Amino acid sequence: MGRFSIPMKGFVLFCLWAVSAEAEYLKYKDPKQPMSTRIKDLMKRMTLEEKIGQMSQIERRFASPDVMNQYFIGSVLSVPGDTPGLNATAEDWVNMVNKIQKAALSTRLVRATGIPYAFAPCVAVCRDPRWGRCYESYSEDINIVRTMTEIIPGLQGDVPTNSSKGVPFVGGKSKVAACAKHYVADGGTERGIDENNTVINRTSLYGIHMPAYYDSIIKGVSTVMISYSSLNGEKMHTNRDLVTRFLKDNLKFRGFIISDSEGLDRITSPPDANYTYSVQAGILAGIDMVMIPNNYAEFIGNLTLLVKDNIIPMSRIDDAVERILRVKFILDLFEDPLADLSLVNQLGSQEHRELAREAVRKSLVLLKNGKITSQPLLPLPKKAPKILVAGTHADNLGYQCGGWTNQWQGVSGNNFIVGTTILSAIKKTVDPSTQVVYQQNPDANFVKSNKFDYAIVVVGEVPYAEMFGDSSNLTIPEPGPSTINNVCGAVKCVVVVISGRPVVLEPYVDKIDALVAAWLPGTEGQGVADVLFGEYGFTGKLARTWFRSVDQLPMNVGDPHYNPLFPFGFGLTTQPVKMN
């Protein structure tokens, strides 16, 4: 057998192809043959070792030619890398997603790098903002999360009307395979602790956490990733009832199931305490591809012995490989295995940056505008003698982007990312006669003595990902609170909060004149200035409840004890001004 490689978002897929001196006709290489015929033809030519190789995903630093050839590796994980998600309202974001979909923005950018697979969307329903992955979730409300599964046809293309339910679909080489994750109820863990246990009854499970997976499957999603978390004490990576019986059998899902990274290792506590058991439990639960990603020799050796000893039936291996090959055939990897280099010049294009800038404008939520309703501070005047910009997040692209950017836990500073900081955007937007003074953390005397017309304070969370973002207090780290107190106690101020979730704000709200939730705006900070200065109006609404105190958590819209600082769906509006 021979192999060719295809670079992927998150991983590289490797496909098998047979060669012979007689150049025999191979059905699986004939795109005119039915897909089932192609899969069956290829599988009958594969050895057990090659099939297990297809089920294996290793990290790219281990993927030497010798390793790839010796173990018949079918997939290579590329880490770190991903882009932070934006949080917004349902109506605005459906329109925004459709616009991005029409422009084929995300799919063209991914394909330009030779990657036909994206680990998106995350359809978690975050029910507690103390969870470090809450910013990966679109909302606490299942209806918004369900609406946002529209990203799937944006990535993959619209499923044909005659397509069978559960069959994955990717509409051509300009599209990419999607992945609904993390199955299931990862956003409901106790106290918001990452990878923790979700205690839930069937009504809440199927009413809150499961519906987005129904929608994903109906829309032809290609893959589903399993959650690290447990459900009522059972690890999801071993949950055969929900992985095989419900997802595969009941919902008729025919794409492949992928583990999370080292998901099998974490079946036991401590991790890797009994790896043979973990491999057995995970594969028998219905996992098809295993994100190993380092310990590939032990995984492959264990799985091979488990099959040869008849502990894992060959039918389970064949089911996994059939699903994996189905997605690879749907991606046309056998016909078009390489990157389309004609798309490379679109990476970072101005057209795409303008679209991202629009997304920033529409995601901002105005929480307060004036200490007295009849005297709003926003929009700010562009022409003023002297203004102050302060805060740790005003001139930091890494902070604007958050985790999963450049590095797993994100970065700080402006040296690793191309974009526009909020400070730069403010300087570009104001009148040339306006003096902009930037002090990251000025003291109160400095603010008072300079007689600023107004101040813009930009503070928030520092980047994080996964369990490193778990927070029991959800406070803005210093010097953020000190900056708010020093500045807003001395001059009219608007505070822009950069965060992946609601954070503690109640102690400062009375002192603040205007308050904006900017979430993680990413590289296009100009979108923030666009709205602050009235070139566009504020339109965003909260997709999450903004709590008063962490003692209230978990608290979600509809709860009997609902008493938020700002309720779900809240957001003030402003009108754009033609002349400022």
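Treat the numbers as computed from the prediction; the structure is a model and nothing was measured. No hydrogens, no waters, no symmetry mates; every other heavy atom, side chains included, goes into these values.
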Worksheet entry | Under-4.0 Å salt bridge between D319 and K248 | yes
Practice prompt. May I ask you to check whether E524 and T420 show a side-chain donor-acceptor distance below 3.5 Å?
Written response: no
Worksheet item: Taking NZ, NE, NH1 and NH2 as the nitrogens, is one of them in K51 or D318 under 4.0 Å from a carboxylate oxygen of the other?
Response: yes
Discussion item. How about OH on Y277, more than 12 heavy atoms from neighbouring residues, nucleotides or ligands closer than 6.0 Å, or not?
Written reply: no
Discussion item. Under 4.0 Å between a side-chain nitrogen and a carboxylate oxygen: does that hold for E335 and K29?
Written reply: no
Discussion item. Any carboxylate oxygen within less than 4.0 angstrom of a Lys/Arg side-chain nitrogen, looking at R245 and D249?
Written reply: no
Worksheet item: Between D215 and K219, is there a salt bridge with N-O shorter than 4.0 Å?
Response: no
Fill in: Ring geometry between Y228 and H237 (parallel below 30°, tilted from 30 to 60°, perpendicular above 60°)
parallel
Worksheet item: ring-ring contact (aromatic ring centres under 6.0 Å, His included) between Y135 and Y464: does it pass, once the steps are laid out?
Response: CA-CA 10 Å; Y135 68 82; Y464 55 81; 5.4 Å; yes
Discussion item. Evaluate S229 against H182 for side-chain contact (heavy atoms from CB on, under 4.5 Å), listing each step before the verdict.
Written reply: CA-CA 9 Å; S229 59; H182 305 85; over 6 Å; no
Worksheet item: So Y206 and F246, ring-ring contact (aromatic ring centres under 6.0 Å, His included) or not? Walk me through it.
Response: CA-CA 11 Å; Y206 289 99; F246 188 75; 5.2 Å; yes
Worksheet item: What is the minimum heavy-atom distance between C179 and I258, and which atoms define it?
Response: SG-CG2, 4.4 Å
Discussion item. If only side-chain N and O atoms count, and only distance matters, is there a donor-acceptor pair under 3.5 Å linking D194 with W131?
Written reply: yes
Discussion item. What I want to find out is whether R127 reaches E140 closely enough, with some N-O distance under 4.0 Å, to be called a salt bridge.
Written reply: no
Practice prompt. Output, in order, the C-alpha distance, side-chain angles, deciding distance and verdict of side-chain contact (heavy atoms from CB on, under 4.5 Å) for I300 and I73.
Written response: CA-CA 10 Å; I300 291 170; I73 300 298; 3.9 Å; yes
Practice prompt. Before giving the answer on side chain to side chain donor-acceptor pair (under 3.5 Å), spell out for Y117 and T223 the whole-Å C-alpha distance, their side-chain angles and the decisive distance to 0.1 Å.
Written response: CA-CA 10 Å; Y117 181 31; T223 70; 2.6 Å; yes
Discussion item. Do T149 and Y213 pair up side chain to side chain, a donor and an acceptor below 3.5 Å, judged on atom types alone?
Written reply: no
